[in-house]
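Note that the structure is a prediction, hence the values are computed from the model and not measured. Numbering of ligands and ligand atoms starts at 1, following listing order.
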Amino acid sequence: MQLLEERILKDGQILGDNILKVDSFLTHQVDYKLMKAIGQVFADAYKEANITKVVTIEASGIAPAVYAAEALDVPMIFAKKHKNITMTEGILTTEVYSFTKQVTSTVSIAGKFLEKDDKVLIVDDFLANGQAAKGLIEIIEQAGAQVEGVGIVIEKSFQDGRRLLEDMKVKVTSLARIARFKDGKPVFARADA
Ligand code: 5GP
C-alpha cells in the first residue's frame with residue numbers, strides 16, 4: 001500500500017536492530033484517515049470471504065481493526081490482555097509472548113462474542129514472530145469458528161511470523177512488508193495488497 005509505505009518512510013523510526021516505531025500514526029497517536037484507507041484495503045482483500053467478525057488484540061490493533069470492521073459492516077472484537085472482573089463466564093484464553101514487552105500474558109475473549117459459524121478476519125498492527133496472531137487463532141479455534149485470514153498493517157518479513165502462520169495454513173495479507181532495515185531506513189518487499 002503506497003500511502004502506508006510513504007508514511008512509514010516519512011515518520012517511522014528504527015529502534016535497535018528490529019523495532020519500528022510508528023507512534024505518530026498507528027501505535028499511539030492515530031491517523032484516522034490512513035486507518036480508514038487501511039480498513040478499506042483489508043475489506044477489499046476479503047470481500048469474497050463472507051467475514052462475520054474482525055478480531056484483534058489490544059491496544060494497537062484496535063484502530064485498523066475497527067475500520068476494517070466498518071468497511072466489512074461486521075462487529076470488531078479485541079482480545080484483552082488483562083484479567084477483568086467483569087469477564088465472569090465462558091472465557092476463551094491463551095498465553096501470548098509479547099515481542100515488544102518481552103512478557104507472557106493471558107489473552108482472553110468472552111466466548112459469547114464468537115460462534116461456531118463465524119468467519120473471522122484477524123487484524124493486527126505488526127507481524128514479527130507471529131505469537132499474537134497465533135494466540136488469536138487458538139482462541140478463535142476454541143470457539144469452533146473459522147479463521148479466514150490475518151490482515152497485517154506492517155509485516156517485518158525478516159522475522160518468522162509469516163512462516164509460522166502459513167505453516168498453520170492461514171492466509172496472511174500484509175499492507176507493508178519490510179524486507180530489512182538499511183542505513184536507518186526500512187527497505188520494502190512487495191506488499192500483498
Ligand atoms: P509477534 O507476536 O508477531 O511477534 O509481534 C506482534 C506484536 O508485537 C504486535 O501486536 C505489536 O504490538 C508488537 N510489535 C512487534 N514488532 C513491532 C515493531 O517493530 N514495532 C512496534 N511498534 N510493535 C511491534
Side-chain angles (χ1 to χ4, degrees), residues 1 4-31 34-35 38-39 42 54-69 76-82 93-109 120-141 147 149-189 191-192:
M1 188 185 176
L4 174 62
E5 290 185 1
E6 285 168 6
R7 189 62 179 271
I8 293 169
L9 286 174
K10 182 167 153 287
D11 289 341
Q13 291 168 262
I14 296 165
L15 303 181
D17 289 338
N18 55 13
I19 300 277
L20 179 69
K21 187 171 173 182
V22 285
D23 64 348
S24 65
F25 63 92
L26 177 57
T27 62
H28 195 6
Q29 176 171 262
V30 171
D31 178 339
L34 180 62
M35 292 306 121
I38 284 170
F42 284 136
V54 174
V55 168
T56 190
I57 183 163
E58 66 178 353
S60 304
I62 293 176
V66 81
Y67 284 104
M76 185 281 282
I77 305 158
F78 61 94
K80 300 203 175 206
K81 284 183 183 158
H82 302 285
T93 63
T94 193
E95 301 288 307
V96 171
Y97 177 76
S98 163
F99 178 75
T100 42
K101 302 201 179 76
Q102 304 191 342
V103 291
T104 298
S105 46
T106 305
V107 167
S108 35
I109 290 180
V120 178
L121 172 63
I122 293 172
V123 168
D124 205 4
D125 58 342
F126 274 91
L127 179 62
N129 293 318
Q131 294 305 304
K134 178 168 166 271
L136 293 177
I137 292 167
E138 285 165 2
I139 288 183
I140 292 159
E141 287 179 346
V147 176
V150 176
I152 295 291
V153 180
I154 304 173
E155 171 186 324
K156 292 182 294 175
S157 304
F158 54 85
Q159 293 179 278
D160 289 335
R162 175 177 284 263
R163 194 171 327 133
L164 177 84
L165 300 180
E166 288 182 345
D167 284 351
M168 295 170 80
K169 308 279 180 248
V170 174
K171 177 178 167 186
V172 180
T173 306
S174 302
L175 305 194
R177 297 179 71 183
I178 297 175
R180 59 186 180 279
F181 296 137
K182 187 167 180 275
D183 302 330
K185 288 277 171 205
V187 177
F188 294 103
D192 300 311

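The backbone N or O of N18 sits less than 3.5 Å from a side-chain atom of K156, completing a donor-acceptor pair. Counting only distance, with no hydrogens or angles, the side chain of T56 and the backbone of V123 share a donor-acceptor pair below 3.5 Å.
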*Intermediate values then yes/no, side-chain contact (heavy atoms from CB on, under 4.5 Å), L165 and I137*: CA-CA 9 Å; L165 300 180; I137 292 167; 3.8 Å; yes

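Remark: aromatic rings of F181 and F158 are close, center separation under 6.0 Å.
The nearest pair of heavy atoms linking D124 to A132 is OD2-CB, 3.8 Å. Considering all non-hydrogen atoms of both residues, A59 and K81 come closest at N-NZ, 4.2 Å.
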Report every pair formed by an N or O atom of ligand 1 and a protein N or O atom separated by less than 3.5 Å, giving atom names and the distance to 0.1 Å.
unit_1, atom_1, unit_2, atom_2, d
ligand 1, 2 (O), Q131, N, 3.0
ligand 1, 2 (O), A132, N, 2.8
ligand 1, 3 (O), A128, N, 2.8
ligand 1, 3 (O), N129, N, 3.1
ligand 1, 3 (O), G130, N, 2.6
ligand 1, 4 (O), N129, N, 2.7
ligand 1, 4 (O), G130, N, 3.4
ligand 1, 10 (O), D124, OD2, 2.8
ligand 1, 10 (O), D125, OD1, 3.2
ligand 1, 16 (N), K156, NZ, 2.9
ligand 1, 19 (O), L20, N, 2.9
ligand 1, 19 (O), K156, NZ, 2.8
ligand 1, 20 (N), L20, O, 2.7
ligand 1, 22 (N), L20, O, 3.4

